[in-house]
Structures are given as C-alpha cells and as structure tokens.
Number of protein chains: 2
Amino acid sequence: MAEDRRTRRTRRALADALVELVLERGFSALSVEDITERADVARATFYSHFKDKDALFARVTADLLDGLGRRLAPSVAGSAVGFTGKPLLEMLRHARDERDLYRIVLRGEGDGKPLQMFTDVCAANTAQEFRARAERNDVKPRIDAELLARVWVGEQVAVLRWWAESETPPAPAEEVVRMLLDLALRGRYWASGFDAPE
Amino acid sequence: MAEDRRTRRTRRALADALVELVLERGFSALSVEDITERADVARATFYSHFKDKDALFARVTADLLDGLGRRLAPSVAGSAVGFTGKPLLEMLRHARDERDLYRIVLRGEGDGKPLQMFTDVCAANTAQEFRARAERNDVKPRIDAELLARVWVGEQVAVLRWWAESETPPAPAEEVVRMLLDLALRGRYWASGFDAPE
DNA sequence: TCAATAACAGACAGCTTGTTCATTAACGCA
DNA sequence: TGCGTTAATGAACAAGCTGTCTGTTATTGA
C-alpha cells in the first residue's frame, strides 16, 4: 500500500523545481509551466497533484515543518531544565541542511503565507513550552506567554534568515546559539557592552 | 510646479484601492483591473503611472517609510541617553494610524518584498544607532552590531504585527513599549518570572 | 482664455490558467 | 511472468490577465 513510485518521483521533482525557481526568479514570477518544464513533467500532471502553485508551496512548507518537528522532538523532550538553546541549535542545523527552502520561506515568498505557517507553528509550540515551564517551576510570568513567544520566534526568524542568507557562514551554529542565548537571558545592555543593567 | 491635482487624485485612489483589496483578497489574487475598478480609474491610466502591481505596492511602501522616518526624526535625535523606547512608541503610534497598510506589509504580501524594504531600512538605522552609541560611550559591543540590529528589528516586527493584527488593541502602546523594553534590557528569565538571571 | 497634459474607452496580440480527453507507459502484486 | 490498475502524457479548449497603443475628451495651471 506504499505510495506509487511514480507519484513520489513527480512530487519530488515538482518540489525541487519549485525551490530552485523561486530562488532564481521569485514565486510570483513563475508560471505552472515554468515549474513543470524544470521538473520535466507534463503540465497536466501538475494539476492531478496540486490545485495550483500555492498548494504545491504549502505542501512543501508543511513537509519542512514535519521534518523540523521530528528533529526537534528529542531536544524539546529533555528540556525540563531551562533555556538550554538546544532546540535553537537543532533548528540552525536543519536550516543548514535545507538552506534553499529556508531562504525562500523566510523571505516571505508566496505572499508570506508559508512564512506564517512556519512562525505560527513555532510560536504555538514555544508559548506552550513557556506555560509548561512556568507551571512546573511555579512562577508567574511577568509578560504574557503569547507575546513572549512571538517575540522569541521573531528573534529566531531574524537570526535564521541572517544565517541562511549569508553566502559564507558568518559564524558556526554553536556560536550563534551562544550569542542569542546570552542576549536573550542577560539583556540588551549586556550585549551592547555596558556593564550595569539599569 | 506642484504636482497636477489629477495625478495626485489618481495615485491616491490607486494606493487606497490596493490596500483595501490586498487586505480583502491578498496581493497575488488581484488583477490590475480589480484595482482600477475599485479606484474608479481607467485601466490604461494605471499603466501611465506604474509599471505593474508590484511597482504600485513598492511606491506605497516607500511612502510609508518616508512618513515613518519623518515621525521618528525628533525622537531619534534626542536619544543620546540610552534605550528610552521613544522611537518604538512612535512606531506603534504610526502603526495605529496606518493600521491596514502595516498589516499587509507585515504579513509579507508581495512575496515579502515590501516587508524586506521595511526591515532593511529599520535594521540599517538601528545598527548605525548602536554603533554611534557604542562610540559615544566608549564601550565595545559583545555582539556584532549588525546581528544585534536584526534581532532587535525582528522583535519589533513581531510585536508590531501582533499589535496591528489584534482586533481589539490588546494593550495600550505605552504598556507594550514598557514590556518590550523590560524584556530587552532585563532578559528573558526576568520576563518569565524567574528571579535569578543565571 | 488657452496650451498642455492627464484621463478615458476600446482594441490588440500574447501568455497563463485550469479543465478535459484519449492514449501510452509504469507500477504493484500474485 | 503476466495482468489489472493507475499515473503520466500531449493536445486542445475557453476564459481571463497583461502590457501596449490608439484617437478622443476633459481638467488643469498659468
């Protein structure tokens, strides 16, 4: 009952073609024919798999999120301690492996809808994690968990983007994590080089 | 030598129609005719002003940035002190006044290009501000100014979006500024409700 | 008032979309 | 290996959108 090899091959070809072409010309500049041509697939075949360009992109993004989730699962499970930065590190590695796809998603290609999928999922998980942590340690957050999660994800997205768009890696993943963690935990004054945090 | 009243009227009508329609249906779903119809302008006239949809959107975004710059000028000039949050407050107010436009830009409509314009300008200014401040106070930043700026702008964009998308204002601008400033300066541990920042 | 010019409606070829159909080829399974 | 099932193909279609050009009309600023 495993998926037919032909469908797997075409879907994979279409997905790869999409990523390549979006990177080259931008999502809105592409026609379905551009994609099928690059993928070496008949145009009619495209429509037997996806409603339109956006559906293909949405599917590709959803798969990316699945992959990320699977990679993150172990490091999230063992994070009862505090802000270790392990999930962030895993995310950076994922972005290294799927660099092109990360680039087009983070750029907001597709009217920002894939990016929204991405941030919404991350923010929801993060917020839940925050709430769970607060509960476990019996502390009351001084800032709404939802807002806190949005801000944290906003930071991460900014860093991911900077990281994925740089031609030569500006810093090893471990160092980026350290910097961001220092910044997040110790505050901006510290990061700017000042000593007194008030 | 002032601009012809007709062109002013037409451009304004097109800009307003664009914002309305993007909010309703999304940028990629719009045809030029949709826009001209809503603006009550002949289709041919559109092309005598703009090359295409994207050019119109780019123009609207550039104007928004102009307006923001003009509003920010006074508070940036007087910020020799430190992180006062005055620019952020002014930005939130600007977002309140131009809510619809902010929403579509921050969503990443137009394949994220307007949003990129927005973040690039903000990040460039912020980075320069960071560098100037470090120079004035003769301190050495512990984190690269460029990265620091990207992270800070990433936060701001996340908050702006949350703020602009909420149906009923979730909090007054002043309070949002206070929260974000506390978070930025005192760090995540503090925000989460913990006492010891290490 | 008048010259300049913006706005207009209409028409144009060329391209993209999404669908349908009959035909061919690849697949999984027994 | 052979067989029934199903995916892929290429061609054709109407409908819609794009970008450009036309001659004409209406508004504008001086």
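Convention: sequence-line order gives letters A, B, ...; per-chain numbering from 1.
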*Are any of B/T10's side-chain N or O atoms less than 4.0 Å away from OP1 or OP2 of C/dA7?*
yes
*When the ring planes of B/F118 and B/Y102 are compared, do they come out parallel, tilted or perpendicular, using 30° and 60° as the limits?*
perpendicular
*In whole Å, what is the span from the CD atom of B/E33 to the C1' atom of D/dT18?*
11 Å
*Which distance, rounded to the nearest 0.5 Å, do you find between the CG of B/L160 and the CE of B/M91?*
5.0 Å
_Measuring to OP1 and OP2 of D/dT9, would you say a side-chain N or O of A/T45 lies under 4.0 angstrom away?_
yes
*What would the secondary structure line of DNA chain C be in dot-bracket form, counting Watson-Crick and G-U wobble pairs under 3.5 Å, with [ ] for pairs that cross earlier ones and | for pairs with another strand?*
||||||||||||||||||||||||||||||
*Minimal non-hydrogen separation, B/A29 against B/D34, with atom names*: O-OD2, 4.0 Å
*Looking only at side-chain atoms of A/D4, point me to the closest of D/dT9, D/dA7, D/dT20.*
D/dA7
*Among D/dC21, D/dT9, C/dC27, find the nucleotide with the atom closest to the side chain of B/A44.*
D/dC21
*Closer to the 5' end of DNA chain D via nearest nucleotide, is it A/D40 or B/S31?*
A/D40
*Once you round it to whole Å, what is the distance between P of D/dT18 and NZ of B/K53?*
7 Å
*Send over the distance from B/D52 CG to C/dC15 C1', rounded to a whole Å.*
16 Å
*Taking OP1 and OP2 of C/dA7, is either one under 4.0 Å from a side-chain nitrogen or oxygen of B/H49?*
yes
*When you measure from the side chain of A/K53 to the backbone N and O of A/L30, does any donor-acceptor pair fall under 3.5 Å?*
yes
*asked:* From CZ of B/F46 over to P of D/dG19, roughly how many Å is that when rounded to an integer?
replied: 8 Å
*Quick one: CD1 on B/I35 to CG on B/L18, what's the gap to the nearest 0.5 Å?*
5.0 Å
*Assess whether one donor atom and one acceptor atom, taken from the side chain of B/R43 and the base of D/dG19, lie less than 3.5 Å apart.*
yes
*To the nearest Å, how far apart are B/L14 CG and C/dC8 C1'?*
14 Å
*asked:* Tell me the interatomic distance from B/R11, atom CZ, to C/dA6, atom C1', rounded to whole angstroms.
replied: 11 Å
*Specify the separation, in whole Å, of atom CZ of B/R25 and atom C1' of D/dC17.*
14 Å
*asked:* With hydrogens left out and only the distance checked, is there a donor-acceptor pair under 3.5 Å joining A/R6's side chain and the base of C/dA26?
replied: yes
*State whether the side chain of A/T84 and the backbone N or O of A/K86 hold a donor-acceptor pair below 3.5 Å, judged by distance alone.*
yes
_Under 3.5 Å donor-acceptor, A/R99 side chain and A/A164 backbone_ = yes
*Between C/dT16 (C1') and A/I35 (CD1): distance, integer Å*: 12 Å
*Report yes if at least one side-chain N or O of B/Y47 is closer than 4.0 Å to OP1 or OP2 of D/dG19; otherwise report no.*
yes
